[in-house]
Protein chains: 2
Amino acid sequence: MHKSKDLHQAGLKVTLPRLKVLNLFESSENHHLSAEDVFKMLIASGEDVSLATVYRVLSQFELSGILVRHNFEGGKSVFELNHGEHHDHIVCLQCGHLEEFFDSAIEARQKKIAAEHGFTIHDHSLYIYGDCTKESCPHKHRE
Amino acid sequence: MHKSKDLHQAGLKVTLPRLKVLNLFESSENHHLSAEDVFKMLIASGEDVSLATVYRVLSQFELSGILVRHNFEGGKSVFELNHGEHHDHIVCLQCGHLEEFFDSAIEARQKKIAAEHGFTIHDHSLYIYGDCTKESCPHKHRE
DNA sequence: TCACAAATGATAATCGTTCGCATTTGCAAA
DNA sequence: TTTGCAAATGCGAACGATTATCATTTGTGA
Ligand SMILES: [Mn+2]
Ligand SMILES: [Mn+2]
Ligand SMILES: [Zn+2]
Ligand SMILES: [Zn+2]
């Protein structure tokens, strides 16, 4: 089972809570989850974990590269599995619907800008906020 | 005095705390200030205001377009005067040094991406994080 | 199986921010 | 000018997200 292997190669002990969290991310419909999401979903499915442990595990997973953390507007961190392919996000302010994109032109410009300003680039975050056109989006259903 | 005029045309009553905050932003060396920064700087200069009022005023100023709010990593909001010219930021993770930039290529790509995904773009935030090369940056002074 | 460091759970504490409410103040009408 | 009153303030309590503390439990390697 590759789940405990993931933990091993991250240098983390294979504990029940960690397996539960990893499991959840690998099986969940929604790929972007907050600590509260994870906690509630685990509790709901009968897996009891402590909220404190959820927070700890999420941070450890981020540190070891298993998860990526995002800080969207709204103050709470959101995590997703790190599939190794960087991407950015476009978020609907009405319904929260989220889409992913990657644009090599933008990535290239960022590198250039960092260099021009004498910065060694570590990371960047780009979020586009707008209104989506999904049928289910409440935005479309307001007069 | 254009400061009270700014408040008037924003539809806000001209109160002492609001003038103090506006004043601070217009005279401060550092253009990017958190609520705590504003509060402490005002207190330090003998202007006594309530922290709650600082938060309220900052939010009102954001709403009326006098200030722009940024959500950098670290969880606290940072504000700057809205000079009408959108720009993004590159931040040093070591010393917090911050530089501004505007890149029309990136802006254009973002518009295109939003359109491709069927989004009406409202806003976006782009932060580049890295290490700067300022002499004063602690990064340079660690072995 | 054992020993022990590491991880967990429960809960208190922290941090940034907002709320509730009694008091003050800007401002416009008289 | 005074006066009336809605709007703004100050204070402290409350809040939501997250982290810290610490006694107890659990992997793991010997
Ligand atoms: Mn994603
Ligand atoms: Mn700026
Ligand atoms: Zn939507
Ligand atoms: Zn620096």
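Chain naming here is simple, since letters A, B, ... match the order of the sequence lines and numbering starts at 1 in each.
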Distance-only donor-acceptor pairs under 3.5 Å for side chains of residues 99-107 of chain A, two or more places apart:
from	atom 1	to	atom 2	distance (Å)
E99(A)	OE1	H117(B)	ND1	2.6
E99(A)	OE2	H97(A)	NE2	2.9
E100(A)	OE2	H32(A)	NE2	3.0
E100(A)	OE2	H87(A)	NE2	3.2
D103(A)	OD1	A105(A)	N	3.0
D103(A)	OD1	I106(A)	N	2.8
D103(A)	OD1	R109(B)	NE	3.3
D103(A)	OD2	R109(B)	NE	2.8
D103(A)	OD2	R109(B)	NH2	2.4
E107(A)	OE2	H86(A)	NE2	3.1

Please list residues of residues 21-46 of chain B whose heavy atoms come under 4.0 Å from any atom in DNA chain D, ordered by number; otherwise none. none
What residues form a salt bridge (charged side-chain N to carboxylate O under 4.0 Å, His left out) with [X], not counting sequence neighbours?
X	answer
D88(B)	none
E73(A)	none
K40(B)	E36(B)

Please confirm whether the shortest side-chain N or O distance from Y55(B) to OP1 or OP2 of dT18(C) is below 4.0 Å.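 Checking dT18(C) against Y55(B), no side-chain N or O comes under 4.0 Å of OP1 or OP2.
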What integer distance in Å separates [X]:[atom1] from [N]:[atom2]?
X	N	atom1	atom2	answer
L63(A)	dA6(C)	CG	P	16 Å
F79(B)	dG16(C)	CZ	C1'	11 Å
F72(B)	dG16(C)	CZ	P	16 Å
L12(A)	dA7(C)	CG	C1'	11 Å
R69(B)	dG16(C)	CZ	P	14 Å

Return the set of residues passing side-chain hydrogen bond (donor to acceptor under 3.5 Å, both in side chains) with S34(A) (not counting sequence neighbours), or none when no residue passes. D37(A)
Members other than L63(A) in its cluster, when Ile, Leu, Val, Met, Phe, Trp, Tyr link by side-chain heavy atoms under 4.5 Å? none
Hydrophobic cluster mates of L16(B), side-chain heavy atoms under 4.5 angstrom, ILVMFWY only, any path? none
Just to verify, what does H31(B) make a ring-ring contact (aromatic ring centres under 6.0 Å, His included) with, not counting sequence neighbours? none
Residues in ring-ring contact (aromatic ring centres under 6.0 Å, His included) contact with H70(A), at least two apart in sequence or another chain: F72(A), H89(A)
same_hphob_cluster(L81(A), L58(A)) at 4.5 Å side-chain heavy-atom cutoff: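 They do share one cluster, since a chain of ILVMFWY contacts under 4.5 Å joins L81(A) to L58(A).
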When rounded to the nearest 0.5 angstrom, what distance separates OG in S45(B) from CG in L24(B)?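 Taking OG in S45(B) and CG in L24(B), the distance rounds to 7.0 Å.
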Report, one pair per line, the protein and nucleotides 8-15 of chain C atoms (nitrogen or oxygen only) whose separation is under 3.5 Å.
from	atom 1	to	atom 2	distance (Å)
dT8(C)	OP1	T15(A)	OG1	2.6
dG9(C)	OP2	S50(A)	N	3.1
dG9(C)	OP2	T53(A)	OG1	2.8
dG9(C)	N7	R56(A)	NH2	2.7
dG9(C)	O6	R56(A)	NH1	3.3

End-to-end axis angle, where each axis spans five pairs of the helix from dT1(C)-dA30(D) to dA30(C)-dT1(D), to 10°: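 Comparing the first five pairs with the last five, the axes sit 30° apart.
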Relative to the 5' end of DNA chain C, which residue comes earlier, K13(B) or V78(B), by the nucleotide with the nearest heavy atom?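 Per heavy-atom nearest nucleotide, the more 5' residue is V78(B).
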Quick note, S77(B) side chain, CB onward, closest among dT17(C), dT28(D), dC27(C) is dT17(C)
